[in-house]
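Data block below; observations after.
Worth saying up front: this structure is predicted, and the values here are computed from it rather than measured.
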Amino acid sequence: MEFTIRTVNDHQELEKAINLLGTVFPEEQLFFQNRLEKEPAYSFNTTWIAEKEGDMASVVQIFPFSIWVSGVEVKTAGIGNVATHPDYRGHRLTHRILEEIEQKLLERQYGLSNLFTGIPGFYEKAGWQTVNQPIPIIKAGHMKQVWDGAFPGGKLDIQTVTGNDLESIRAIYEAFSTTLNGPRIRSEDYWKKQIENENENENDYFQKAVRDDTVLSYIRAVKKSDVLNIHELCSLDGEKDSMVPLVLSLLDPQIKTVRCLLPMNHFILKDVPYDIEENRVGMWKIIDQDEVLQQFQSVFEKRGSHLGMDHLQLSFLEDSWLFSWENGNTELKQSEFLHYLMRGADEIPDRHSMIKELFPESSYIFWSKDRF
């Protein structure tokens with residue numbers, strides 16, 4: 001069969017693509033429409049299709065944004081809403097679309113691409129790599145036992161976030177997230193859409209901790225049955241204690257378990273025992289090696305200078321990264337480099353002893369509210 005792979009041309013074709021997504025996935029079409037409306041960077045050229053004689057056979061959508069990694073802003077393309085009509089499966093259509101997309105991303109100097117999936121094997125064949133993001137699971141009773149009365153912090157009001165809080169919430173998010181690896185850099189328009197849609201469901205909570213008219217921290221959480229899912233919990237520098245009352249305010253009697261979709265060094269995990277739920281749905285791929293090399297060369301030079309690695313240079317070979325300095329060198333596979341870049345080289349073979357210093361342990365998070 002001959003298929004044409006291209007982007008959609010107009011609203012009518014976009015509607016057909018959304019109809020296809022609603023056919024393949026259990027979510028209603030409105031779910032996919034609402035998701036696109038939250039994306040300021042969306043345009044017709046971010047929805048790709050495969051068609052044959054006017055029939056839409058497959059669809060893949062791109063979500064363009066940037067993330068922070070080691071303080072560097074990295075241009076990133078999220079891949080989502082990947083679907084093929086049952087009548088056209090078996091023709092590698094989504095892989096072919098992804099190949100076309102990758103060429104366009106390379107032309108536009110996207111350093112990274114990421115996606116979230118329950119079928120990682122499918123994307124591993126196309127070069128994506130899983131980066132684990134563990135989820136701490138805490139018993140609500142343990143939280144109350146450890147925290148009740150432990151963080152008075154003066155008069156603190158818990159209030160619902162509104163559009164008037166945009167500037168304060170955005171400043172808190174940036175102060176908290178810039179030092180992490182993986183958070184999305186959110187524009188003002190994107191934040192507006194997030195706040196507008198956050199409190200529509202009675203089980204969704206977007207709340208702030210306020211003292212003397214100053215917003216100190218905020219929480220985004222969802223209650224489901226007897227579980228509280230914390231999707232974001234951020235504070236101003238020096239106001240970490242204010243996050244505890246935010247969590248406690250949501251621990252009503254029916255809540256038995258708290259799932260923390262948070263970085264592993266988060267303040268609220270410090271003194272509370274927890275179990276770990278493995279979370280391997282996030283996958284990443286380096287798209288433009290030259291762009292990544294250029295962006296991170298200075299980062300590694302600075303780290304290397306503190307280690308006596310004079311004149312350190314980073315270069316990309318066929319499928320590996322070479323670190324060379326005046327008195328030595330070491331090579332990393334592409335998969336190793338990507339994992340260490342995101343999470344740090346905390347557990348590595350002895351042959352990478354210097355690399356461990358170049359990739360210090362990092363707190364990795366892609367906030368779940370930004371998934372697509």
Side-chain angles (χ1 to χ4, degrees), residues 65-77 102 105-106 108-114 127-134 173-185 237 262-267 269-270 280 282-367:
F65 51 85
S66 292
I67 64 170
W68 284 296
V69 180
S70 298
V72 176
E73 296 186 12
V74 184
K75 195 174 179 181
T76 304
E102 187 168 337
L105 296 178
L106 190 59
R108 297 167 187 169
Q109 296 180 300
Y110 277 82
L112 297 172
S113 179
N114 78 321
W128 270 267
Q129 175 188 338
T130 299
V131 177
N132 187 31
Q133 184 177 312
Y173 174 83
E174 291 185 0
F176 194 91
S177 296
T178 306
T179 59
L180 304 172
N181 285 352
R184 174 171 176 159
I185 300 174
D237 292 339
L262 304 171
M264 291 301 297
N265 71 338
H266 199 284
F267 175 76
L269 302 175
K270 186 174 65 171
R280 301 184 180 276
M283 305 189 77
W284 294 84
K285 183 178 183 178
I286 296 176
I287 298 296
D288 189 336
Q289 287 85 3
D290 291 338
E291 182 70 14
V292 170
L293 190 155
Q294 181 178 347
Q295 288 188 289
F296 287 96
Q297 175 66 47
S298 61
V299 172
F300 291 116
E301 283 178 355
K302 290 177 182 177
R303 292 175 181 174
S305 66
H306 293 300
L307 300 169
M309 302 169 73
D310 297 328
H311 309 296
L312 184 145
Q313 290 293 318
L314 174 64
S315 56
F316 180 72
L317 307 178
E318 185 175 352
D319 190 37
S320 63
W321 295 80
L322 178 66
F323 290 80
S324 56
W325 56 96
E326 194 167 281
N327 298 313
N329 65 78
T330 192
E331 191 174 334
L332 291 178
K333 296 177 182 177
Q334 176 91 297
S335 59
E336 292 175 310
F337 178 85
L338 181 55
H339 181 86
Y340 299 163
L341 187 66
M342 289 297 184
R343 296 195 53 120
D346 50 343
E347 296 180 3
I348 56 177
D350 291 340
R351 67 185 180 93
H352 294 323
S353 57
M354 297 300 290
I355 295 297
K356 186 170 183 178
E357 302 297 329
L358 289 173
F359 293 90
E361 184 176 356
S362 304
S363 289
Y364 163 70
I365 187 75
F366 188 93
W367 297 111

I'd like to know if the side chain of K75 reaches the main chain of R108, judged simply by a donor and an acceptor atom lying under 3.5 Å from each other, with no hydrogens or angles considered. yes

Do S298 and R303 have a side chain donor and acceptor closer than 3.5 Å? no

Check the side chains of E331 and S320 for a donor-acceptor pair under 3.5 angstrom, ignoring hydrogens and angles. yes

In the structure I gave you, are the side-chain heavy atoms of I185 and T178 within less than 4.5 Å of one another anywhere? no

Starting at CH2 of W325, measure out to OG of S305 and round the result to the nearest 0.5 Å. 14.0 Å

Closest non-hydrogen atom pair between L358 and G304, with its separation: CD2-N, 3.7 Å

What are the two closest heavy atoms between V131 and Y364, and how far apart are they? CG1-CE2, 3.7 Å

Rounded to the nearest 0.5 Å, what separates atom CD1 in I287 from atom CD in E102? 4.0 Å

If only side-chain N and O atoms count, and only distance matters, is there a donor-acceptor pair under 3.5 Å linking Q334 with W321? yes

Please check if the side chain of Q295 supplies one atom and the backbone of E73 the other of a donor-acceptor pair under 3.5 Å. yes

Anything under 30° is parallel, anything over 60° is perpendicular, the rest tilted; go ahead and classify F359 against F337. perpendicular

With a 4.5 Å limit on heavy-atom distance, are the side chains of V72 and W68 in contact? no

Please check: side-chain N/O of Q297 versus main-chain N/O of Q294, any donor-acceptor pairing under 3.5 Å? no

Testing the 3.5 Å rule here: is there a donor-acceptor pair between the side chains of S177 and W367? yes

Any side-chain heavy-atom pair from F296 and V69 closer than 4.5 angstrom? yes

Does any part of the side chain of I67, heavy atoms only, come nearer than 4.5 Å to the side chain of L112, both counted from C-beta? yes

First locate atom CG of L312, then atom CZ of F300, and finally report the distance between them rounded to the nearest 0.5 Å. 8.5 Å

Hey, does L332 have a side-chain heavy atom less than 4.5 Å from the side chain of F323? yes

Between R343 (side chain) and L338 (backbone), is there a donor-acceptor pair under 3.5 Å? no

Starting at CG of L106, measure out to CG of D288 and round the result to the nearest 0.5 Å. 5.0 Å

For V74, is there any backbone N or O sitting under 3.5 Å from a side-chain donor or acceptor partner on T76? yes

Is there a side-chain contact between K285 and Q129 (heavy atoms, below 4.5 Å)? no

Please walk me through it: do K333 and D319 pass side-chain contact (heavy atoms from CB on, under 4.5 Å)? CA-CA 6 Å; K333 296 177 182 177; D319 190 37; 5.9 Å; no

Please give me the minimum heavy-atom distance between W128 and S113, naming the atom from each residue. CZ2-OG, 3.5 Å

Would you mind reporting whether M354 and M309 have side-chain heavy atoms less than 4.5 Å apart? yes

When you compare the side chains of N265 and S363, does any donor N or O come within less than 3.5 Å of an acceptor on the partner? yes

Could you tell me whether the side chain of N181 and the main chain of M342 form a donor-acceptor pair under 3.5 Å? yes

Non-hydrogen atoms of V292 and G111 that approach each other most closely: CG2-O, 3.7 Å

Q133 (side chain) donor-acceptor with F366 (main chain) under 3.5 angstrom: yes

I'd like to check N114 versus M283 (side-chain heavy atoms, cut-off strictly below 4.5 Å). Are they in contact? no

